[in-house]
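Data block below; observations after.
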Amino acid sequence: MYFDIAKEKAKNLIDKKSALILAIESSCDETSVAVVKDGRKILSNVISTQIPIHTLYGGVVPEIASRNHTLQLTSVTEEALKQANVSLDDIDAIAVTQGPGLIGALLTGVNYAKALAFSKKKVLIGVHHIQGHICANFLEYPELEPPFIALAVSGGHSHILKVSDYCDFSLLGATRDDAVGEAFDKVARVLGLGYPGGIKIDALAKEGNDEAYNFTTHLEKEDTYDFSFSGVKTAVVNLVHNMEQKGQEIPESDIAASFQKSVVRMLIQKAIKAAKDTGYDKIVLAGGVASNSRLREDIKRMCNENNILLYYPSPVLCTDNGAMIGSAAFYTLMQGKISDIDLNAFATGGLDEFYRK
Ligand code: KG4
Ligand code: ZN
């Protein structure tokens, strides 16, 4: 009964090519709700971060994240509607991050979205988190359209994707071990910078000498789009521990700069290779690590040299947020892929599989 109504409503939206979407993101430590029009226009994007809570523990504690999402979801939703100057009745569809992410955290958003959709007989759209990160770019660049190469780099993912169309993704390469954001966070922790570490390494590296240490990255010279970050991470950890044992002072900024340089070099090299090999002339950065200033500067230079257009979102849209989910949901809806009330969260799974289901 619910799904028949939702399917009929979705059909109308697809015919009109228009939808006002309320989008919910709760995959990790940000509770965020946004209102997005037609996949491109942000009416509101409220982000309630839990970083101060998790900082106490040096990283995200999944159970605490879930509890805080539950506490925050209603008020963040009310605030998003208020800032957008719309009511729930004006909303055409409810979108929610279905995965990947922390399963308990995801379930809080999924269940909340299902309750809203069911009680108000709205279309429900489950969204893949990485598609959301990529679509953040559509919110800032009205002219941007596929095809392009996406470099999706976050705390949980390091992917190079061939994006042939809005919902047509092929995975070209991925990390074989740690995600790049994870490596940044681990190095920050060993340098005593605290959580979340990426942004702190980025800032500290500006004061350091990036040639002080030569951290070579495995797979850099190999003919693959895959990445590997655990080797460089371990090299930093061992270096710091050895220096500590010898009672030496740790040159934190030099280590941060040298580490960042080697990691960024690997990301850029593979992304440029993907663009050249596919003949695509656009690269899109996505995810929390896309805020990294060295990555942005160096890839911009490399793209210029190779006649490739480069796009990256402003930092607030690189981090987890509801607006990016609202954008992705619009394109998912336009494909006719809507969800029934048995929608479930998933902890792992790639974008290409998501659209094969
Ligand atoms: O996309 P995101 O907000 O959450 C996930 O989906 O994982 O990404 C968070 C990751 C963290 O590992 C964080 O340290 C990293 O992005 N990050 C950065 C920077 N800002 C955030 N890494 C390097 N440089 C930055 N400026
Ligand atoms: Zn994310």
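Atoms within each ligand, like the ligands themselves, are counted from 1 in listed order.
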Distance-only donor-acceptor check, side chains Asp165 and Tyr331, under 3.5 Å
no
Does either side chain, that of Lys206 or that of Ser293, offer a donor lying less than 3.5 Å from an acceptor on the other one?
yes
Which atoms of the protein, restricted to N, O or S, are nearer than 2.8 Å to the Zn ion (ligand 2)?
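For the Zn ion (ligand 2), the protein N, O and S atoms that sit under 2.8 Å away are His129 NE2, His133 NE2, Asp320 OD1.
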Does a side-chain N-to-carboxylate-O contact under 4.0 Å join Arg189 and Asp185?
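A salt bridge is absent here (no side-chain N lies under 4.0 Å from a carboxylate O).
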If the threshold is 4.0 Å, N to carboxylate O, is there a salt bridge linking Asp223 and Lys273?
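Salt bridge between Asp223 and Lys273, a charged N being under 4.0 Å from a carboxylate O: yes.
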Could you list the donor-acceptor pairs under 3.5 angstrom formed by side chains in residues 297-304, with sequence neighbours left out?
residue, atom, partner, partner atom, Å
Asp298, OD1, Arg301, NH1, 3.4
Asp298, OD2, Arg294, NE, 2.8
Asp298, OD2, Arg294, NH2, 3.4
Lys300, NZ, Tyr312, OH, 3.4

If you take the nearest heavy atom of each of Ala205, Gly288, Gly132, which one is closest to atom 8 (O) of ligand 1?
Gly288
Run down the list Gly59, Ser291, Gly198, Ala179 and name the one with the heavy atom closest to atom 18 (C) of ligand 1.
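It is Gly198 that holds the nearest heavy atom.
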So if I count the atoms of ligand 1 from 1 in the order they appear, which ones are less than 4.0 Å from some heavy atom of His129?
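It comes down to these atoms of ligand 1: 6 (O).
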Give me the residue, atom name and distance of the protein heavy atom closest to atom 13 (C) of ligand 1.
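It is Asp185 OD1, 3.8 Å.
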Once ring pair (Phe, Tyr, Trp, His ring centres under 6.0 Å) is applied, do any residues pair with His133, and if so which ones, sequence neighbours excluded?
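Partners of His133 under the ring pair (Phe, Tyr, Trp, His ring centres under 6.0 Å) test: His129.
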Taking ring pair (Phe, Tyr, Trp, His ring centres under 6.0 Å) as the test, write out the residues that go with Tyr195, two or more places apart.
none
For a ring-ring contact (aromatic ring centres under 6.0 Å, His included) with Phe259, tell me which candidate from Phe215, Tyr213, Phe184 qualifies.
Phe184
